[in-house]
Amino acid sequence: MYLTREQERLLRGDYGWAIAKAMELLVRVGDAVGASELVEVKHAHISGVSYSNIGKHGLDLIIDFYKGGGRARVYTTINPGCIDYSGFSRIIDNRYYMEQRAIDNALVNMGFKPVFTCIPYYYRPPLPGEHLAWGESSAVIYANSIYGAYTNREGGPIALASSITGYTYKAGLHILDNRVGRIRVRLDPMVEKYPVGAIGLWIGENIREIPVLTGFKNMGFGDLKVLLASMAASGSHAIAIIEGVTPRKTFSLEIRDEVFIERGDLEDYIGPDVSSRDSVLGYIGCPHLHPFELLRVKNLVVKYGGVKRGGLLITIPPEYLAKFHDIVFYLKSRGVDIATGTCPVVSVFKQRYDVVLTNSGKAAFYLRRIHGLKTRISPLEEVVKYVCGH
Ligand code: F3S
């Protein structure tokens with residue numbers, strides 16, 4: 001790989017152990033995937049920071065980089081951890097409080113912004129063509145598909161290395177020629193009423209190349225966020241070309257096949273019916289809610305009169321607690337459980353439920369696989385309606 005003189009000095013250790021280690025990581029991975037050079041990034045987003053996922057070894061790695069002098073060289077945000085930062089949630093278990101705080105303290109002392117959210121674009125929306133180094137699959141696919149930014153789907157250590165060096169390797173989706181949509185995906189009009197989380201899981205699992213989503217542009221951004229996150233969960237996708245949405249000149253098209261999604265395709269992804277004997281947890285907020293979605297949930301809770309059956313958990317960035325305290329206070333007064341800076345996938349449940357009813361394909365996918373829970377995917381309004389007893 002070609003390196004500039006400055007990059008060679010970083011690699012040689014002239015600026016300390018942490019930067020040299022980070023450069024070595026980037027160069028090795030870049031060489032392995034055939035990158036010819038490094039590219040400067042404007043924003044790094046660090047995933048893989050939840051103690052319940054990364055454990056002691058992950059904690060030690062982060063502390064090593066901190067103690068070795070690693071500091072943010074570019075704007076850097078942090079993904080959710082495994083604790084509810086408000087401390088009020090009755091559903092999320094804060095048993096790893098001390099360990100998570102040790103991770104958070106190291107990251108914050110390195111100069112990373114403690115947003116603890118998987119929607120970093122809420123804090124800094126990227127520009128079309130801007131190079132990023134983002135971990136967190138749901139954020140990566142959103143950045144590439146909605147904003148036309150350029151980022152690969154990085155693991156936590158690579159995003160960390162990019163933050164403290166300011167570079168990533170130029171390969172994959174950092175190159176325009178690799179952003180080519182080949183399979184057109186259309187929705188049967190009947191399917192449009194189906195939960196977008198299930199549609200996303202189907203696309204993720206069944207389409208192997210970059211999909212071109214036709215007829216999706218009227219979906220709201222909240223639904224697109226859930227759709228894309230679900231695709232990324234079941235199929236490792238990092239970009240979808242959404243006609244009428246993805247900025248021009250950030251992709252090209254060479255369509256060689258077309259598929260229709262029909263109603264029958266989705267049943268397996270939606271999950272089994274909820275029985276009246278099941279204890280049900282409604283869950284909304286994977287990825288974390290945008291403020292306009294938080295307002296939508298509030299309006300639905302007003303409409304359906306508060307939680308009366310099972311529970312309803314929503315997950316949001318910690319900052320909303322103060323910023324939208326009227327909405328948060330109202331929701332809590334109507335029985336909604338709010339967890340901030342975390343989510344059930346990266347944390348531990350305090351209580352067991354028979355079924356998690358969610359609008360998110362990503363949450364359903366991981367709660368089934370990691371936590372062994374029964375899940376069912378429904379549109380957002382149906383989730384609220386159910387737990388409100390309608
Ligand atoms: Fe975010 Fe957790 Fe879902 S980190 S994307 S809410 S799995």
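Atoms within a ligand are numbered from 1 in the order they appear, just like the ligands themselves. Values below: every heavy atom of this structure, side chains too, minus hydrogens, waters and symmetry copies.
The closest approach between Ser137 and ligand 1 stays at or above 4.0 Å for every heavy atom of the residue. Contact analysis puts Ser138 in contact with ligand 1, with a non-hydrogen atom separation below 4.0 angstrom. The shortest heavy-atom distance from Ala363 to ligand 1 is not under 4.0 Å.
Interface of Lys362 with ligand 1, defined as ligand atoms under 4.0 Å from a residue heavy atom, comprises 5 (S), 7 (S). Less than 4.0 angstrom separates some heavy atom of Val345 from each of these atoms of ligand 1: 7 (S). Heavy-atom contacts of Gly285 reach the following atoms of ligand 1: 6 (S) (cutoff under 4.0 Å).
Ring to ring, Tyr320 and Tyr122 are close: their centroids are under 6.0 angstrom apart. Between His131 and Tyr150, a ring centre-to-centre spacing shorter than 6.0 Å is recorded. Between Phe65 and Trp17, the distance separating the two ring centers is shorter than 6.0 angstrom.
Applying the 6.0 Å contact sphere to CD of Glu40 captures no more than 12 heavy atoms from other residues, nucleotides or ligands. The local environment of OH in Tyr97 is sparse, with at most 12 non-hydrogen atoms from other residues, nucleotides or ligands closer than 6.0 Å.
Looking only at heavy atoms of the protein, atom 1 (Fe) of ligand 1 is closest to Cys118 SG, 2.4 Å. Here the protein heavy atom with the shortest distance to atom 3 (Fe) of ligand 1 is Cys286 SG, 2.3 Å.
Contact check on Arg182 versus Glu254 returns a salt bridge, with a Lys/Arg side-chain nitrogen under 4.0 Å from an Asp/Glu carboxylate oxygen.
Checked by atom type and distance alone, the side chain of Asn144 pairs as donor or acceptor with a backbone atom of Thr151 at under 3.5 Å.
Between atom 2 (Fe) of ligand 1 and Cys343 there is an N/O/S contact shorter than 2.8 Å.
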